[in-house]
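Chain naming here is simple, since letters A, B, ... match the order of the sequence lines and numbering starts at 1 in each.
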Amino acid sequence: MSDEILKVRDLTTRFFTEEGQVNAVEHVDFDVRDGEVFGIVGESGSGKSVTALSLIDLVETPGRIVEGEVWYRDADLAEEHRDSHPDAVDGDYVDVRQLPEATRRWLRGPAFATIFQDPMSSLNPSITVGEQIAEAVEVQRRARANPRRTRSRTQGYGLGRLLVDSVLPSQGYVSDESQERAVELLERVGIPDPEQRADEYPHEFSGGMLQRAMVAQALAGEPDVLIADEPTTALDVTIQAQILNLLTELQEEEDMSVVLITHNLGVIARMCQRVGVMYAGEVVERGSLEDVFENPVHPYTEGLLGSIPDVEDPAPRLSPIEGNVPSLLDAEMGDECYFADRCPKAMESCLTDIEEHEAPAATDDTDHLVRCILADREYDESEALGSAAKQEVISDD
Amino acid sequence: MSYGRFLLKRGLQGIVVVWGVVTIVFMLRFITPGNAVDAVAPLDASPELRERIAEELGLDQPLYVQYLDYLWELLNGDMGYSYISGIEASSMVFSKLPATVELAVASSIIAIGLSIPLGVISATRRHEPADYAATTFSLVGISTPNFWLGIMLILLLSVQFGIFPTSGRAFGFVQAFRITANQGLGAGADAFYQWLRFITLPAVTLGTYFTALITRLTRSGMLEELGQSYVRATRAKGLPESLVRYKHALRNTLIPVITVLGLQLGTLIGGAVITESVFSWPGLGTTLINAINARDWPILQATLVVIGTGFVIVNLVVDAIYAYLDPQVVAE
Amino acid sequence: MISPRTLRNLRKELRSSALAKIGIVLVLAMILVAAFAPFIALHNPTNQDLDENTLPPMGFSRTTEETTSEMVNGSLQLTNETVYVNATASHPLGTNSLGQDVYSRAVYGARTSMMVGVLGTVLAAILGVSVGLVAGFYRGRIDDALMRFADVSLAFPSLVLAIALIGLWGRAAVDVPDPFVVFGLVDPVRSALGLPTGMPDSFVLPGTVIVVVGLVNWVWFARIARGEALSIREEEYVKAARALGASDARIIGRHVLPNATTPILVLATIQVAAIILLESSLSFLGFSGTTLSWGFDISQGRGYLSTAWWIATIPGIAIVLAVIGVNLVGDWLRDALDPGIEGEGGV
Ligand code: SF4
């Protein structure tokens, strides 16, 4: 059994809006193993992007991570915090959520790097691409140059300098080495003429090239886990394939783990070793790619896959199952399986709290877990929820 | 388009605008009721005398000749002579210009120095007491007429507490420098102290509106920038918050703020005119008002031309800074 | 023009924003005071009463030195005495050096500010929107010429241009009869309330000021209208309407103008604030056709700062409150309607 670099437990993120509390991510569990690509798939609004933001602690108000643990394997960090934060340490693992905020921030870059959906809006329009990548390199360089406890990423870069830089486009923060490294990284991700392109601004790049630059920026911190949130959605189909190839290649060469978040089953099938299916803020089924894609247990997963004639040659987009993703407003959510009103196999018992169940797994070392009563029992037509009852579930809301 | 070409294009446009300014200033005389000769001639002037005056002023020529003459003389730096005092208009206006520039620069320094930190604090501590204080200040600041603010400052700080003089100007900045050079540091320090005492109230008066305005703009711009995806991505790559806020968000906030400042430059000059009047500050504003009341055309025209041209030049500088900060402007 | 959604946004923003409520209250108060000035003022604002000059506001007193002379033993003896001048209930905010009631003048001053603010803005909007629509709709040469002209007029600060024009053109004013007084509604009410009667039967509208203020502020409207026209003329439905042979005037009236309403409305609100400030500056400098103006009163009070602070202070507070109110309403409209313009325009 390979080791987990990341163990996410019970992660729950909610948004406290004027309209009410939105349960975007509810008690999500999953593991990411060394050197694997773990996929999170779901329709939009299923909470998969919020899950990504929760991992790197960048949920913005009115959102808040209300509970959960994110165990990250780092022996040094564990050793360092064993005495000061005993609860946050378990063997070689640290619970990122219980670490001091400053430490959590240090992890962005060397532990977790992120690629977002739209590369154009993810880069600052008025700073050159090269400098933005160099910043990501520089941050790590400065952090390494200082002993851990006092390490500062702004060392030697006082407020005065900062203010000058905020007005004048100087490269005061970034050292020459970092700038050179940025050019190397651009070359690494396959950008021709990296020297020259480093001095260009985002608006001078094409979408595909810009996403490559984002990948280069993510590589700057030599991350253990690369979180890619819909990395190809905003791109043309041909470019999509190029970016995916690049990710596969880099993942193997750098021996990173990748958390790939997408609504595109084809991308999942092509890239991932293991996968979690999200629905209404919950992971409803997870396991190895074969288990989930070839022996799905959850009717939602079945429904998603049903539309795809052949997993080897899948249609690029999710086929919508009849009905919509339910409202995630707390007031409108009960105990029942959230999929019940769209589920073709819904039964009376589905209206009670649904636990996560073990499901048959293809190989011994692969967990296959399903949040559906069908993992335990067969579908019984006599118990089926009639359309009238389903209606009731809806009107219960 | 390269930066150089961009500046060249803007420069040429600026020249066209200056030409327009000059033309309007020239035309002003002809859309004004009353004969220009009346302004100069004594009330009981004989027709012959009036004719001689008209001839001397070139008023008997056809309009286009007068216009071309005016342009030609302007190009040669000749703006005519005051009807009242006979002093050369250009030397009069340029001797008053430093006082106004000093006032405008001092209040801009106050405004920029205070408002950007205030706006940033306000945006990054949203809904905290500091934010409420800054928001209230900026609302009141943009709603207060500066002449009244000046009077209130005089009432409080000059009349009640006697900290600052009520009006006037002791030295120019340059003069204070000269005193330092000629009479040593002691006298120089005193000169600068006097300079500061006199300029403080007018500069605060003129600067308050801009402080308030830029605070508002910075706050709302910063809030908008901090909500952009690139800010999240910048945090995600591990940059410390200070860099995220200042190097990234603030810089992008300042870009639109600079445009608005360029547009508001007229407000600054207009404000200077009235501030000068409140504090009897011997600058262009006072000159302008006196010239209007006395119908002293050459002085009036010279003042307006200098104000208009100054506006165009400063705007050009603002444009240059703007294009320097925002690479997309030049590209368009 | 005003869709149900717009109204919903306005209501929602109003509910959540205390500042918007304050703004509406201030603006409504100002409108009411301006409209019903003859009922609200305590005295005729132009009545001079030299016996009651320079009275302080309620709660304050003023001292003067009074010299009395007396014959003592055949020689003239002068004694200096400090006399306290106290406030009187009939002049709650005191009087100015001519014995005019400061409160009543502030009430009537609201009229001048409102009239100039609103009429000046309307004039500026009509001029600016017409120019902007034509420039944006026809583009090309007309656009270039009009926009260069706009650049040129921007090079003159509003205040500078305004004093130049008013100074040269004179300070014409129009006497507008006050309907409440003319129809005899005021005196009965006032005597029933026990207030002095004889309010002014006409109201001086500073005509030149309104025209000039409109002339110097049109540029802001032109810029916005032009921007809207430029973007809307590229819309498919406008092209379709053109292809169907709709006249330019019709397209501008039916499609372009309605789409530009929101930003123009927001700008107009901001401009009312700017013009109120401009008007007060003009009358402070003496470039106005009326003496019933907050700015004029401040300039009158300037000479009495060491003895009678209230003469200059109180009208200033009135200006600040009025402008804060209008600015808050402007913020409310901008936040609710989000037309994407910043608070442009100033004195
Ligand atoms: S728990 Fe019941 S309703 Fe939910 S997915 Fe399973 S079968 Fe369907």
B:R125, CZ atom: more than 12 neighbouring heavy atoms under 6.0 Å:
no
Please classify the contact between A:P125 and chain B as side chain, backbone, both or neither, with a heavy-atom cut-off of under 4.5 Å.
both
The complete set of side chain to side chain donor-acceptor pair (under 3.5 Å) pairs with one or both residues in residues 99-120 of chain B, sequence neighbours excluded, reads B:T100-B:E276, B:E102-B:R169, B:E102-B:W195
Should we count CZ of A:F16 as having more than 12 external heavy atoms under 6.0 Å?
yes
How many angstroms lie between atom CZ of A:R105 and atom CG of B:L239, to the nearest 0.5 angstrom?
11.0 Å
Can you name the nearest heavy-atom pair linking B:G238 to A:V139, along with the distance?
O-CG1, 3.6 Å
Check whether A:E135 gets within reach of chain B through its side chain, its backbone, both or neither, counting any heavy atom under 4.5 Å.
both
With a strict 4.5 Å heavy-atom criterion, list every residue of residues 228-235 of chain B that contacts chain A, or say none.
B:S229, B:Y230, B:R232, B:A233, B:R235
Does A:E200 have more than 12 heavy atoms from other residues, nucleotides or ligands lying within 6.0 Å of its CD?
yes
Measuring heavy-atom distances to chain A, does B:I255 have an atom under 4.5 Å in its side chain, in its backbone, in both, or in neither?
side chain
Just wondering, more than 12 heavy atoms not from B:E241 lying within 6.0 Å of its CD?
yes
Please say whether more than 12 non-hydrogen atoms of neighbouring residues, nucleotides or ligands are located less than 6.0 Å from CG in B:L12.
yes
Check for a donor-acceptor pair, side chain of B:K237 on one end and backbone N or O of A:G221 on the other, with a separation under 3.5 Å.
no
Can you name the residues of residues 111-124 of chain A that have some heavy atom under 4.5 Å away from a heavy atom in chain B?
A:F112, A:T114, A:F116, A:S121, A:S122, A:L123, A:N124
I'd like to check A:I127 versus B:H248 (side-chain heavy atoms, cut-off strictly below 4.5 Å). Are they in contact?
yes
Side chain to side chain donor-acceptor pair (under 3.5 Å) partners for A:S54, two or more places apart
A:T13
Within-4.5 Å side-chain heavy-atom neighbours: B:K247 and A:E131
yes
Counting heavy atoms not belonging to B:F177, are there more than 12 under 6.0 Å from its CZ?
no
Indicate yes or no for a side-chain donor-acceptor contact from B:R251 to the backbone of A:S126 under 3.5 Å, with no hydrogens or angles considered.
yes
